[in-house]
Amino acid sequence: MSINVNAKGLDCPLPLMELKRAISKSNKGEVIVVDFTCPEAVENLPNYCSENDHEVLSFDKLDTSSWKIIVRK
């Protein structure tokens, strides 16, 4: 089971806040998928995951201005 978060069009720090909210509602081992367009989140989201022991399963640039990160709590 995964939690999908659409943070497209949201400026920082909102994508990070949405990821944190999804993680807080999820159980250990659950997967969170975040789609976003904020360039600052390219660094903020993986850094947050690393600092808080959440596993980044994949991190992809989808086109010139959007990305997808998949995280396991």
Discussion item. Can a donor-acceptor pair be found, under 3.5 Å and without considering hydrogens, that links the side chain of N27 to the backbone of E30?
Written reply: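 Checked: no pair found.
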Practice prompt. Examine distances only and state if a side-chain atom of E43 and a backbone atom of E40 form a donor-acceptor pair shorter than 3.5 Å.
Written response: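 It does not hold such a pair.
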Heavy-atom check, side chain of [X] versus side chain of [Y], under 4.5 Å:
{"X": "V71", "Y": "E55", "result": "no"}
{"X": "H54", "Y": "I23", "result": "yes"}
{"X": "L14", "Y": "C38", "result": "no"}
{"X": "L57", "Y": "V31", "result": "yes"}

Item to complete: Would you check, one step at a time, whether the test side chain to side chain contact (heavy atoms under 4.5 Å, CB included) holds for L45 with F36?
Response: CA-CA 10 Å; L45 299 184; F36 64 96; 3.6 Å; yes
Discussion item. Which residue in the set I69, N4, L62 passes side chain to side chain contact (heavy atoms under 4.5 Å, CB included) when paired with D35?
Written reply: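 Only one option passes, and that is L62.
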Worksheet item: Rounded to the nearest 0.5 Å, what separation is found between the NZ atom of K20 and the SG atom of C49?
Response: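 If we round to the nearest 0.5 Å, K20:NZ and C49:SG are 10.5 Å apart.
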Worksheet item: Roughly how far, to the nearest 0.5 Å, is OG of S58 from NZ of K68?
Response: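 So the NZ of K68 and the OG of S58 are separated by 8.0 Å.
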Linking I/L/V/M/F/W/Y whenever any side-chain heavy atoms sit under 4.5 Å apart, do [X] and [Y] land together?
{"X": "V56", "Y": "V34", "result": "yes"}
{"X": "F59", "Y": "Y48", "result": "yes"}
{"X": "I3", "Y": "I70", "result": "no"}

To check you understand the geometry: which heavy-atom pair defines the closest contact between [X] and [Y], and what is its length?
{"X": "N6", "Y": "K8", "result": "OD1-N, 3.0 Å"}
{"X": "S24", "Y": "K73", "result": "O-NZ, 4.4 Å"}
{"X": "A41", "Y": "C12", "result": "N-SG, 3.5 Å"}

Fill in: Test side-chain hydrogen bond (donor to acceptor under 3.5 Å, both in side chains) applied to T37 - qualifying residues, sequence neighbours left out
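If we apply the side-chain hydrogen bond (donor to acceptor under 3.5 Å, both in side chains) test to T37, skipping adjacent residues, there are no hits.
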Discussion item. Using side-chain hydrogen bond (donor to acceptor under 3.5 Å, both in side chains), reason through S50 and N47 one step at a time and then give a plain yes or no.
Written reply: CA-CA 5 Å; S50 176; N47 288 346; over 6 Å; no
